[in-house]
Amino acid sequence: MRIVHSHSFALAPEEAVRLQQELAAKIVPAGGPDPAEVRFVAGADASYTKGGGTISAAVVVLKVPELSIVERAWAELAVGFPYIPGLLTFREGPALLEAFGKIRAKPDVILFDGQGIAHPRGLGIASHIGLLLETPSIGVAKRLLVGQADEPGEKKGSIRPIRKNGEVIGMAVRTKDRVRPVYVSVGHRIDLERAVALVLKTARGYRLPEPTRAAHRYANEIRVRGGERDVQRTLEE
DNA sequence: GCGACAG
DNA sequence: ATCTTGTCGC
């Protein structure tokens, strides 16, 4: 994929915060592809080596509605930023972008393991990377960073709004009966309704949607085996 | 000042 | 995220 917008990630925390405030103003939390017409969905995630010195990033593209893997790419980089709540993007972003750069497909939307606009400054990793790639993106987090939501009904498909100062910033979504919900928020160029529909459409018997699960597995595989040993790469298009 | 805090 | 043993449930 082409990285449309680019900037340095080698910033001090205070500068990173200022950049987030600047980029947040460019996020378009509306529109997006019709869930019924989406053909390719990508998932992105990262894994770290034991000492925490190297980060392994993975991007996997799945065909919808089969959810079969059609392409995947990886990247390994030395960790260059500490984990600071709200600044996750500066830790995982560089490696994820390198992996996205190796993807030939043009996914209709990307699912990230983390927040979209449900973030202190409205720019979680899904919004940030989605903006740099100018591709519709969705944040699918396992825990909330900001805001609060009531518990959704116990059935898959049940939802409850995530609010912050009375404003709806995302949706708690039950992706599997009786299993803890995931927290969905708009990343970039898509509205909340479509984001929720796409997450539910790609969730198959597990709490996390398939794109995210596939990326998580691949990132762990790269971390353990080492990416250079991976000669596999499914192609299509 | 205190607590909370994506991955 | 990673570290780290057993344990409850499908």
Side-chain angles (χ1 to χ4, degrees), chain A residues 9 13-14 16-17 19-21 23-24 27 43-60 74-100 110-131 137-149 154 156 162-165 169-173 175-188 192 195 199 204-209 211-225:
Chain A
F9 276 79
E14 317 76 64
V17 167
L19 176 60
Q20 290 186 320
Q21 302 176 316
L23 298 181
I27 294 301
D45 191 27
S47 177
Y48 301 80
T49 50
K50 46 279 183 183
T54 302
I55 180 172
S56 301
V59 173
V60 179
W74 56 272
E76 290 182 299
L77 249 58
V79 173
F81 201 90
Y83 170 64
I84 299 175
L87 297 179
L88 177 65
T89 277
F90 293 88
R91 186 172 170 75
E92 306 189 340
L96 287 175
L97 285 171
E98 188 175 315
F100 273 115
I110 305 168
L111 267 50
F112 287 84
D113 197 323
Q115 316 291 343
I117 62 174
H119 174 278
R121 292 167 289 284
L123 195 84
I125 192 166
S127 298
H128 192 156
I129 305 304
L131 172 66
S137 60
I138 301 169
V140 184
K142 297 183 287 298
R143 300 166 55 189
L144 285 173
L145 176 57
V146 296
Q148 46 278 145
E154 62 177 27
K156 173 181 179 179
I162 298 170
R163 290 194 170 79
K164 179 188 175 189
N165 301 321
I169 58 174
M171 201 73 87
V173 180
T175 48
K176 181 182 181 187
D177 293 0
R178 314 269 325 225
V179 168
R180 283 181 302 156
V182 293
Y183 303 95
V184 178
S185 61
V186 168
H188 181 52
L192 185 55
V199 167
R204 289 272 203 292
Y206 293 89
R207 182 188 180 213
L208 299 180
T212 290
R213 295 188 68 233
H216 192 281
R217 288 196 302 269
Y218 191 41
N220 280 323
E221 197 178 306
I222 293 303
R223 183 197 62 192
V224 176
R225 289 186 354 196

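Naming: A, B, ... by sequence-line order, numbering from 1 per chain.
For the pair Tyr83(A) and dA1(C), the ring geometry does not qualify as stacking, because the centroid separation below 5.5 Å and plane angle under 30° are not jointly satisfied.
Summarising the geometry, the separation between CG on Leu87(A) and P on dG7(B) is reported as 15 Å, rounded to the nearest angstrom. The interatomic distance linking Leu123(A) (CG) with dA6(B) (P) rounds to 17 Å, in whole Å. Nucleotide dG7(B) holds its P atom 13 Å from the CZ atom of Arg91(A), rounded to whole Å. Remark: C1' of dA6(B) and CD1 of Ile169(A) are 12 Å apart, rounded to the nearest angstrom. Between the CD1 atom of Ile125(A) and the P atom of dA1(C) there is a distance of 12 Å, rounded to whole Å. Distance Glu92(A) CD to dT2(C) P: 10 Å, rounded to the nearest Å. The CD1 atom of Ile129(A) sits 13 Å away from the C1' atom of dG7(B) (whole-angstrom rounding). If you take CD1 of Ile84(A) and C1' of dA4(B), they are 15 Å apart, rounded to a whole angstrom.
Rounding to the nearest 0.5 Å gives a distance of 11.5 Å between OH of Tyr48(A) and OG1 of Thr54(A). Rounded to the nearest 0.5 Å, atoms CG (Leu19(A)) and CD (Gln21(A)) are 9.5 Å apart. Taking CZ from Phe81(A) and OG1 from Thr89(A), the interatomic distance works out to 10.0 Å, rounded to the nearest 0.5 Å.
Separation of the His128(A) and Phe90(A) ring centroids falls under the 6.0 Å cut-off.
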Trace of the side-chain contact (heavy atoms from CB on, under 4.5 Å) decision for Lys142(A) with Arg207(A):
CA-CA 9 Å; Lys142(A) 297 183 287 298; Arg207(A) 182 188 180 213; 3.7 Å; yes
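Checking the phosphate oxygens (OP1, OP2) of dA4(B), no side-chain nitrogen or oxygen of Arg143(A) falls inside 4.0 Å. Contact between the side-chain N/O atoms of Lys142(A) and the OP1/OP2 oxygens of dG7(B) is found at a separation under 4.0 Å. Phosphate contact (OP1/OP2 of dT2(C), side-chain N/O of Thr49(A), threshold under 4.0 Å): absent.
The salt bridge (charged side-chain N to carboxylate O under 4.0 Å, His left out) test applied to Asp45(A) returns no partner, not counting sequence neighbours.
Taking each heavy atom of Ala99(A) and Ala57(A) in turn, the nearest pair found is CB-O, 4.4 Å. Across Leu144(A) and Gly147(A), no two heavy atoms sit closer than the pair CD1-O, 3.6 Å.
The residue Leu144(A) sits close only to the backbone: its heavy atoms come under 4.0 Å of sugar-phosphate atoms, none of a base. Looking at heavy-atom distances under 4.0 Å, Arg178(A) makes no contact with the nucleic acid at all. Heavy atoms of His216(A) sit under 4.0 angstrom from primed sugar atoms or phosphate atoms, though from no base atom. Using a 4.0 Å heavy-atom cutoff across all strands shown, Leu96(A) reaches no nucleic acid atom at all. Within 4.0 Å of Gly86(A), counting heavy atoms only, lies at least one base atom of the nucleic acid.
Donor-acceptor pairing under 3.5 Å is recorded for the side chains of Asn220(A) and Ser47(A). Side-chain contact of Tyr83(A) with Glu92(A): a donor-acceptor pair under 3.5 Å is absent, judged by distance alone.
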5'-to-3' dot-bracket of DNA chain C (Watson-Crick, G-U; under 3.5 angstrom; crossing pairs as [ ]; | other strand)
..........
Nucleotide pairing, DNA chain B (Watson-Crick or G-U, distances under 3.5 Å), in dot-bracket with [ ] and |
.......
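In the set dA6(B), dG7(B), dT2(C), the nucleotide with an atom closest to the side chain of His119(A) is dA6(B).
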